[in-house]
Protein chains: 2
Amino acid sequence: MNSKLKVIEEEFIETIGQLSESLSINRIVGQLYALLFLSPGPLSLDDMVDKLKISKGNASVNIRELERWNAVKKVWIKGERKNFYRANLDVLKIVINCFKNGLIQRMKKSTDKIAKTQETLNKSSSLFINKEEKNIAEIYQDRLKRIKEISEKTENLVKVLSGLVE
Amino acid sequence: MNSKLKVIEEEFIETIGQLSESLSINRIVGQLYALLFLSPGPLSLDDMVDKLKISKGNASVNIRELERWNAVKKVWIKGERKNFYRANLDVLKIVINCFKNGLIQRMKKSTDKIAKTQETLNKSSSLFINKEEKNIAEIYQDRLKRIKEISEKTENLVKVLSGLVE
DNA sequence: TGCATCTTTTAGAACATTCTAAATATATTA
DNA sequence: TAATATATTTAGAATGTTCTAAAAGATGCA
């Protein structure tokens, strides 16, 4: 391949690798995706191993991670025994789905737990007898309410984002 | 303190700790913030060390991380030699600022680099002589353009979010 | 100044993640 | 089915992160 094109490919893969890391995503995951995203045609595991200079095991594990995210798809090529992969080019959709299925779900779990804590607190109000305790309970109620408000806003935001790609 | 209130405090701290971890934030950072967020008054490092059962060094490092984020503030209490801290209760503002100063900035760095790569590619077009190379160059141009579009959308989103808290 | 109190830094232990190479499992073709 | 090609799993090495305890560095007060 033209050496200029090779340089561009390498720069892109490197950049996306760094971006992945700053998003706390495994670098190889990002680089595999970048490689496929740029590639004119589908690539085999061996192709990727060659380009990125990684072990096949590493490539195998991380390409399946990308499959789970719907970021890449297996492609069968007639006359070939190897699996080939191509990138889903709709990056925005991938990102938003990752948000919804990963981050947001885990956030929801946390905010649900906080909502439960809040309930516990409300039900317990009769237990707080002296002024001091009543005061603290009131403050706790205020603070937990703030968290609830935020989680509602977040849920709305996710809905808006989801709407953007459907 | 009333044991029911203590349970609620502990549950909250635990939940926020887990949430932090799922956001790839150090658990202690989240727990320190949770502790101060709930606390009726400011707390000293020693208070936090006692509650969370961590070393003072650990508390010191991570409380300064929170200061950097504007998530907590030092408070001087007359007659006290210790530093005290209180939480900034505006969680949304903190989160959005963290986005802007951390994530988004690093993303911007990456997308800037990709924009540069894109320019290089455009300038190099005369170098691609045969049909094959021209074809690949065209595909690369398309792919890089997609990335550019996404980074523009992201920038807009950040502006909208920023508007929400100012 | 010198002592007491508090905070930060540091060195390395404990723990967690990521990677490779080799072994194992699966699929394809003759 | 045997032989070969390919993919996945596994064990442990390499690397990276987080934690503590102790040392060093501040700060304030007699």
Side-chain angles (χ1 to χ4, degrees), chain A residues 13-14 16-36 41-69 71-86 102 106, chain B residues 13-14 16-36 41-69 71-86 102 106:
Chain A
I13 290 172
E14 177 63 23
I16 298 296
Q18 283 171 3
L19 180 57
S20 303
E21 283 189 326
S22 62
L23 299 169
S24 305
I25 294 168
N26 183 309
R27 197 185 78 250
I28 301 299
V29 170
Q31 292 188 325
L32 285 170
Y33 181 73
L35 180 52
L36 290 169
L43 301 177
S44 71
L45 265 194
D46 285 327
D47 295 334
M48 301 186 238
V49 162
D50 286 352
K51 285 265 173 148
L52 302 183
K53 303 285 179 239
I54 57 175
S55 73
K56 209 164 180 179
N58 196 355
S60 173
V61 172
N62 288 309
I63 204 79
R64 261 179 309 139
E65 180 74 4
L66 284 167
E67 270 187 290
R68 276 202 325 108
W69 297 358
V72 308
K73 269 248 168 314
K74 252 183 201 152
V75 172
W76 278 272
I77 295 187
K78 58 186 175 186
E80 286 282 0
R81 293 166 68 165
K82 294 178 185 180
N83 289 334
F84 281 73
Y85 296 87
R86 65 168 175 72
R106 279 172 300 185
Chain B
I13 291 172
E14 177 63 22
I16 299 295
Q18 283 171 3
L19 180 57
S20 303
E21 282 189 326
S22 63
L23 298 169
S24 305
I25 294 167
N26 183 309
R27 197 186 78 250
I28 301 298
V29 170
Q31 291 188 327
L32 285 169
Y33 180 73
L35 179 52
L36 289 168
L43 301 177
S44 70
L45 267 194
D46 284 327
D47 294 335
M48 302 186 237
V49 162
D50 284 353
K51 286 264 175 155
L52 302 183
K53 304 282 179 239
I54 57 174
S55 73
K56 210 163 181 180
N58 196 355
S60 171
V61 175
N62 288 309
I63 203 78
R64 261 182 307 139
E65 181 73 3
L66 285 167
E67 271 188 291
R68 278 203 323 109
W69 297 359
V72 308
K73 269 250 168 312
K74 251 183 202 155
V75 172
W76 277 273
I77 296 187
K78 59 185 175 186
E80 286 282 0
R81 292 167 71 166
K82 295 179 184 179
N83 290 333
F84 282 73
Y85 296 87
R86 64 169 175 72
R106 278 172 300 185

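Applying the side-chain contact (heavy atoms from CB on, under 4.5 Å) criterion to B/Arg106, with sequence neighbours excluded, gives A/Ser22, B/Leu103. With sequence neighbours excluded, the residues forming a side chain to side chain donor-acceptor pair (under 3.5 Å) with B/Gln18 are A/Lys113, B/Glu14, listed by chain and number. With sequence neighbours excluded, the residues that form a side-chain contact (heavy atoms from CB on, under 4.5 Å) with B/Asp46 are B/Ser44, B/Lys56, B/Lys82. Partners of B/Arg64 under the salt bridge (Lys or Arg N to Asp or Glu O under 4.0 Å) rule, at least two apart in sequence or in another chain, do not exist in this structure. Scored by the side-chain contact (heavy atoms from CB on, under 4.5 Å) test, B/Lys74 finds B/Glu67, B/Trp76, B/Asn83, B/Tyr85 as partners (sequence neighbours excluded). Applying the side-chain contact (heavy atoms from CB on, under 4.5 Å) rule to A/Ile77 yields the partners A/Pro42, A/Val75, A/Glu80, A/Phe84; only residues at least two apart in sequence or on another chain are considered.
In this entry the distance linking CG of B/Leu32 with P of D/dT18 reads 14 Å, nearest Å. Atom CD1 of A/Ile63 and atom C1' of D/dT8 are 14 Å apart (whole Å). If you measure from atom CZ of A/Arg64 to atom P of D/dA7, you get 12 Å, rounded to the nearest angstrom. Residue B/Glu65 contributes atom CD, which lies 14 Å from atom P of C/dT8 at whole-angstrom precision. As a whole-Å value, the separation of B/Met48 CE from C/dC6 P is 14 Å. Between A/Asp47 atom CG and D/dT6 atom P there is a gap of 11 Å when expressed in whole angstrom units. Look at CD on A/Glu80: it is 13 Å from P on C/dT28, rounded to the nearest Å.
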Protein N or O to nucleotides 2-5 of chain D N or O, pairs below 3.5 Å:
residue, atom, partner, partner atom, Å
D/dT4, O2, A/Arg81, NH2, 3.3
D/dA5, O4', A/Arg81, NH2, 3.3

Pairs of donor and acceptor atoms involving the side chains of residues 24-36 of chain A, under 3.5 Å and at least two apart or interchain, shall be tabulated with distances.
residue, atom, partner, partner atom, Å
A/Ser24, OG, B/Ser24, OG, 3.4
A/Asn26, OD1, A/Ile28, N, 2.7
A/Tyr33, OH, A/Asn88, O, 2.6

Checklist line | Reading 5' to 3' through nucleotides 15-22 of chain C, protein heavy-atom contacts under 4.0 Å coded B for base, S for sugar-phosphate only, - for none | finding: ---SSB--
